[in-house]
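Reviewing the structure listed below.
Sequence lines set the chain letters: A, B, ... in the order given, protein chains first and strands last, and positions in each chain run from 1.
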There are 2 protein chains.
Amino acid sequence: MARIIDEGKIQRIREATIELVVLNGYGGASISSIARRAGVAEGYLYRFYSSKQELVTQLLYTKVAQIIEKLESLLNSCARISEVMVQLIGELFKMAVDTPEEIKFIHVLMHDYNFQVSDEQRRHIKSLVDKVVKTGIENGEVSKLVSAEEAYGMVIIYPIEFINLRMKGFFGSAQWTDEEQKRVAEFSINALK
Amino acid sequence: MARIIDEGKIQRIREATIELVVLNGYGGASISSIARRAGVAEGYLYRFYSSKQELVTQLLYTKVAQIIEKLESLLNSCARISEVMVQLIGELFKMAVDTPEEIKFIHVLMHDYNFQVSDEQRRHIKSLVDKVVKTGIENGEVSKLVSAEEAYGMVIIYPIEFINLRMKGFFGSAQWTDEEQKRVAEFSINALK
DNA sequence: AATTAATGAATGATTGTTCATTCATATTCC
DNA sequence: GGAATATGAATGAACAATCATTCATTAATT
């Protein structure tokens, strides 16, 4: 055998890509700037990804999958939808503190017309959101009028929008208290009533 | 005097820019592709805009200003916040039908970390949203717990997100009925209660 | 020595921007 | 009224810089 692949390099490529896409957009994140930031040769990433598009798409899928999995496990472990939402929103805020670039990355690309989430993931999201609505109605926590889209809007989109609005400091403050985090969950839950 | 400036050309540059930014993102909308689509020489846009960045920023400001002005005039003419929201959401849906690329353009850039709305516009938005909350609380239409950010979320962000989700066909359908439009307004109003 | 991880120079295409040039027309002059 | 002139609208070739991608080469490991 020859030497072992340095996983640190691949990881640094991933991190650099996320940072630079957030900073400069997809078009502004060039391969050379990614390689420079990762401390790696220019063409090295082509050993693992066939193109820049695939690299970024792959990263988006992975990050979105983490959120989907979290929602899925919460739906399996919590009886009440309010509990699911409190926990999920807690997770998103945790992500915003621990790895802010990642949530910005998701935020930027999920609004880009060139980066749709995969069909499979979309179907998965839909089925989970359907379950939120179904369980919520059964529990009396969600109005019978609420659609899957509305639930998606309040469970996923609204918290992500709130976090990114704060991170941009749109209304002044660029951080938040535990109290405000609780309030985001409370607001989302209330909107579905 | 020489010949008169052909406003049609400038307009075509603006339209082509909006279309191509939506289609390919800011980085993917090249000057040459914009000029080609507008049927204009490559360097011509530099007579009116000092750079590509300024061209796009300028367009974003103009489009955002239209929405701000609409909200402002509604706040001056309507006593009830529910009426303001019904009307504003109606306007956004109208925009989505008449000039879909424009609302996609706003949607894409308002989530880009390189394109913040101007400070002046941000302050303006904040003051209008504050008025929504203040009037709403006075009328008993809005809960005392509701913050400016939450109102912004439901009055501006949520409808734009809904429209773009539909335009992407995220949950299947890529259009909407009048009934669904009413429901968006109803949902937004209810969320602030 | 054999293997393969990793490099980075080289590629041709494309980028945003400039500016000398061309061309259309409003004004001036006879 | 019609030709000459002046003005500036509009062009598009040319620029250096940078782009994504390739691959012959080098270096590290067993």
According to side chain to side chain contact (heavy atoms under 4.5 Å, CB included), who are the partners of A:Q175, at least two apart in sequence or on a separate chain? A:S173

Pairing of B:K104 and B:E101 as salt bridge, 4.0 angstrom limit: yes

Nearest-Å distance for atom pair CG/P, residues A:L45 and C:dG8: 15 Å

Residue set satisfying salt bridge (Lys or Arg N to Asp or Glu O under 4.0 Å) with A:R37, at least two apart, ordered chain then number -> A:E19

Length of the NZ-P vector between A:K52 and D:dT22, whole Å: 15 Å

So which of residues 7-30 of chain A are in contact with DNA chain D, with a heavy-atom cut-off of under 4.0 Å? A:A29, A:S30

A:D6 has an atom CG; how far is it from atom C1' of D:dA28, in whole Å? 12 Å

Excluding sequence neighbours, so at least two apart, what forms side chain to side chain contact (heavy atoms under 4.5 Å, CB included) with A:T62? A:Q66

Applying ring-ring contact (aromatic ring centres under 6.0 Å, His included), can you list everything that pairs with B:Y113, at least two apart in sequence or on another chain? none

Nearest whole angstrom, please: distance from the C1' of C:dA10 to the CD1 of A:I31. 16 Å

D:dT21 P sits how many Å from A:Q53 CD, rounded? 9 Å

Quick one: B:E54 CD to C:dG16 C1', roughly how many Å, whole number? 14 Å

Every protein N/O within reach of nucleotides 18-20 of chain C N/O, cut-off under 3.5 Å:
none

Let's see if you can work this out: which of D:dT21, C:dT17, C:dG8 has an atom nearest to the side-chain heavy atoms of A:A41? C:dG8

Picking from D:dA20, D:dC19, C:dG8, which would you name as closest to the side chain of A:S32? D:dC19

What's B:I5 touching, base or sugar-phosphate or nothing? Going by heavy atoms closer than 4.0 Å. sugar-phosphate

Are B:K134 and B:E138 ion-paired here, with the side-chain N under 4.0 Å from a carboxylate O? yes

Using whole Å, what does the distance between atom P of nucleotide C:dT15 and atom CZ of B:R36 come to? 8 Å

Side-chain contact, heavy-atom cut-off 4.5 Å: B:K70 with B:L88? yes

In terms of the angle between their ring planes, are B:H107 and B:H111 parallel, tilted or perpendicular, with boundaries placed at 30° and 60°? perpendicular

Just checking, A:K182 and A:F93: is the charged tip under 6.0 Å from the six-membered ring centre and within 45° of the axis? no

